[in-house]
Amino acid sequence: MKILSTEQMRALDKHCIDDLNIPGIILMEHAGQAVANLAVAMHTGPSKFAVVLCGKRNNGGDGLVAARILQVRGWMVLAILPFEPEILSSDALVMFARAIGDRVPFRTAVTDEELAEADIIIDALLGTGIDGPVRGEAAELIYRVNAIRNGSGVLAVDLPSGVDADSGKVYNIAMRAAHTVTLALPKMGLLVNPGAEYAGEMHVASIGIPPAAVAETRYVAELTERKEAHAWLPERPAESHKRSVGWMLVIAGSPGMTGAAALTCRSAYRSGVGLVRLALPAALVPALNAQLTEVVFRPMPATAAGTLGFRAVAKLLSEANEVDAALIGPGLSHNRATGIAIRQLVAQWPGPLVVDADALTAVAEDPTCVSTRTAPTILTPHPGEMARLLGTTTLEVQVDRLAMAKQAAEKYHATIVFKGTPTLVVTPDGTVRINPHSSPALATAGSGDVLAGSITALLAQGLSPVHAASLALYIGGIAAQNLTTRHGTRGITATDILEELPAAMGELARG
């Protein structure tokens with residue numbers, strides 16, 4: 001599903017109105033209908049009282065339509081316009097007149113008691129129409145609603161008032177919502193923090209824009225949909241054997257960090273790859289041999305500290321053509337000599353490669369070892385690792401996550417999987433994909449190792465970097481959601497997640 005910028009969305013609206021002769025009030029009517037439908041779905045109690053906070057632009061018009069429809073459906077409605085109606089946008093003014101005709105009551109102010117007693121509060125104050133701090137009556141209303149409701153029963157129209165549609169930034173204050181009905185297409189500000197935290201559950205509503213018009217529109221990103229993820233699943237014919245479904249190599253582990261290697265290998269098998277080889281310092285093999293019964297071990301020379309040694313480079317490169325993809329980094333340590341070996345391996349590895357964890361720190365010292373590669377490459381940084389890759393601070397990379405991911409993809413000429421909320425997949429040619437699933441259950445040690453193993457397994461099964469990364473994220477999201485449904489968000493481990501991957505893939509395979 002396409003994600004448009006504010007400018008692109010306005011251009012699409014204009015195209016529909018000016019070129020396709022779809023009246024703006026028709027689009028507004030559809031938008032208000034969608035808002036009213038979700039308001040009804042949100043509330044199942046016997047009382048039906050809605051307070052609708054309306055702004056002066058088209059977002060307010062959407063709210064006026066919703067107020068009128070709820071009134072007709074038998075709800076008690078109070079519409080708040082903290083200004084003279086004459087300053088409404090032209091289409092919103094039409095909807096104001098229609099609401100008056102259906103006897104919707106209007107006031108310029110609302111009491112705290114009414115805000116507390118309302119079953120639903122519809123936030124149609126600002127929508128996408130902000131480019132700086134919220135001022136005046138709107139700011140006061142947002143402050144009061146947040147203080148009284150803290151999001152409970154609040155439904156935002158298009159996006160919560162005060163959230164920047166393109167960046168998710170909150171300049172000074174924003175409405176906290178339980179649900180947001182975004183119109184026509186998702187907005188980036190609903191998917192990235194802090195905007196995502198204010199939006200609650202996102203719902204995408206059609207407002208009558210023809211699919212052909214959407215297909216012709218430029219976009220800033222795509223939200224991975226289930227039908228796409230289903231189509232990307234590697235085929236598994238009846239005559240499949242371990243060689244035909246991919247072999248991969250994991251280069252991981254150091255003293256005290258064998259768990260990262262174990263999680264990565266187990267995740268790879270759970271993601272459908274046929275065979276996993278694990279290269280690690282020879283002294284660590286006994287620690288893993290008993291628990292990784294399916295893994296083929298490749299004992300490697302070590303440094304004096306027991307980490308991967310430089311002499312391992314030639315040995316690993318000699319068998320590079322025997323695997324379909326490789327992963328380097330989990331638990332390798334920040335040992336300086338190991339870092340040199342990592343950079344040599346990354347620069348010379350001839351096939352698809354995923355660079356994760358400690359290997360990201362190593363390649364940040366010499367980006368050319370990645371940027372000069374010709375084979376497919378995926379980097380999987382969390383915010384701290386992204387800061388090292390770009391030579392800046394974690395705070396700076398979190399200000400505009402999408403811009404930073406694009407910068408890293410261009411600098412390293414690699415596909416970037418930028419972990420966080422949301423996790424972004426960005427390619428060197430500017431393709432951006434966003435994973436729709438996010439769960440606090442994933443905030444657990446080792447979840448990054450599970451993701452890296454899954455991505456590499458799918459890469460080894462023949463997927464492109466962007467599809468391997470996007471599918472791994474989608475499958476992991478299903479696994480986390482299923483675990484959360486059964487157990488809640490607390491106490492879930494990385495092992496729980498990887499064990500759930502086959503069921504998640506099976507669920508996705510069924511469509």
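Since we're looking at a predicted model, the values are computed, not measured.
- Screening I173, V134, I148, N172 for a side chain to side chain contact (heavy atoms under 4.5 Å, CB included) involving Y143 leaves a single residue, I173.
- Test L424, L473, L451 against K419 for side chain to side chain contact (heavy atoms under 4.5 Å, CB included) and you get one pass: L451.
- Counted by atom type alone, D496 and T493 present one or more donor-acceptor pairs between their side chains at under 3.5 Å.
- Using modelled atom types and a 3.5 Å distance limit, the side chains of S333 and S254 yield no donor-acceptor pair.
- Of the inter-residue distances, the one linking D166 atom CG with M188 atom CE reads 8.5 Å to the nearest 0.5 angstrom.
- Annotation: K411, atom NZ; neighbour count of heavy atoms from other residues, nucleotides and ligands within 6.0 Å is above 12.
- More than 12 heavy atoms of other residues, nucleotides or ligands sit less than 6.0 Å from atom CG of D429.
- Counting only heavy atoms from C-beta outward, the side chains of Q407 and M386 never approach each other to under 4.5 Å.
- Side-chain contact between I130 and Y171 is present, with at least one heavy-atom pair separated by less than 4.5 Å.
- In this structure, S267 contributes its side chain and L263 its backbone to no donor-acceptor pair below 3.5 Å.
- Remark: L316 CG to L308 CG distance equals 6.5 Å, nearest 0.5 Å.
- Taking 4.5 Å as the limit, every side-chain heavy atom of D356 sits out of range of all side-chain heavy atoms of T264.
- Rounded to the nearest 0.5 Å, atoms CD1 (I434) and CG (L402) are 7.0 Å apart.
- Side-chain atoms of S454 do not come within 3.5 Å of backbone N or O of V450 as any donor-acceptor pair.
- Minimum heavy-atom separation, L317 to W349: CD2-CE3, 3.8 Å.
- Salt bridge status for R266 with D449: absent, with no side-chain N to carboxylate O gap under 4.0 Å.
- Counting non-hydrogen atoms of neighbouring residues, nucleotides and ligands closer than 6.0 angstrom, the OH atom of Y219 reaches no more than 12 such neighbours.
- A donor-acceptor contact shorter than 3.5 Å links the side chain of E228 to the backbone of E225.
- Using a 4.5 Å heavy-atom cutoff, the side chains of V295 and L288 are not in contact.
- Residues passing the side-chain hydrogen bond (donor to acceptor under 3.5 Å, both in side chains) test with T394: none are found, sequence neighbours excluded.
- Residues E385 and L379 have side chains not in contact (no heavy-atom distance under 4.5 Å, counting atoms from C-beta outward).
- Separation of atoms OG (S470) and CD1 (I455) is listed at 9.0 Å; rounding is to 0.5 Å.
- The closest side-chain donor-acceptor pair between T368 and T372, if any, does not fall under 3.5 angstrom.
- Evaluation of the salt bridge (charged side-chain N to carboxylate O under 4.0 Å, His left out) rule for R226 yields E507 as partners, not counting sequence neighbours.
- A side-chain donor-acceptor contact under 3.5 Å links R236 to the backbone of G272.
- Side-chain atoms of N435 and T423 include no donor-acceptor pair closer than 3.5 Å.
- Between the NE2 atom in H413 and the OG1 atom in T374 there is a gap of 9.0 Å [rounded to 0.5 Å].
- Heavy-atom neighbours of E365 CD from other residues, nucleotides or ligands within 6.0 Å: above the threshold of 12.
- For the pair P301 and F310, the minimum side-chain heavy-atom distance is 4.5 Å or more.
- V425 is listed as a side-chain neighbour of T415, based on a closest heavy-atom distance under 4.5 Å.
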Handout entry: side-chain contact (heavy atoms from CB on, under 4.5 Å) assessment of W247 paired with D324
Key = CA-CA 5 Å; W247 286 14; D324 301 296; 4.0 Å; yes

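- When side chains are defined from C-beta on, T128 counts as touching L159, because their heavy atoms get closer than 4.5 Å.
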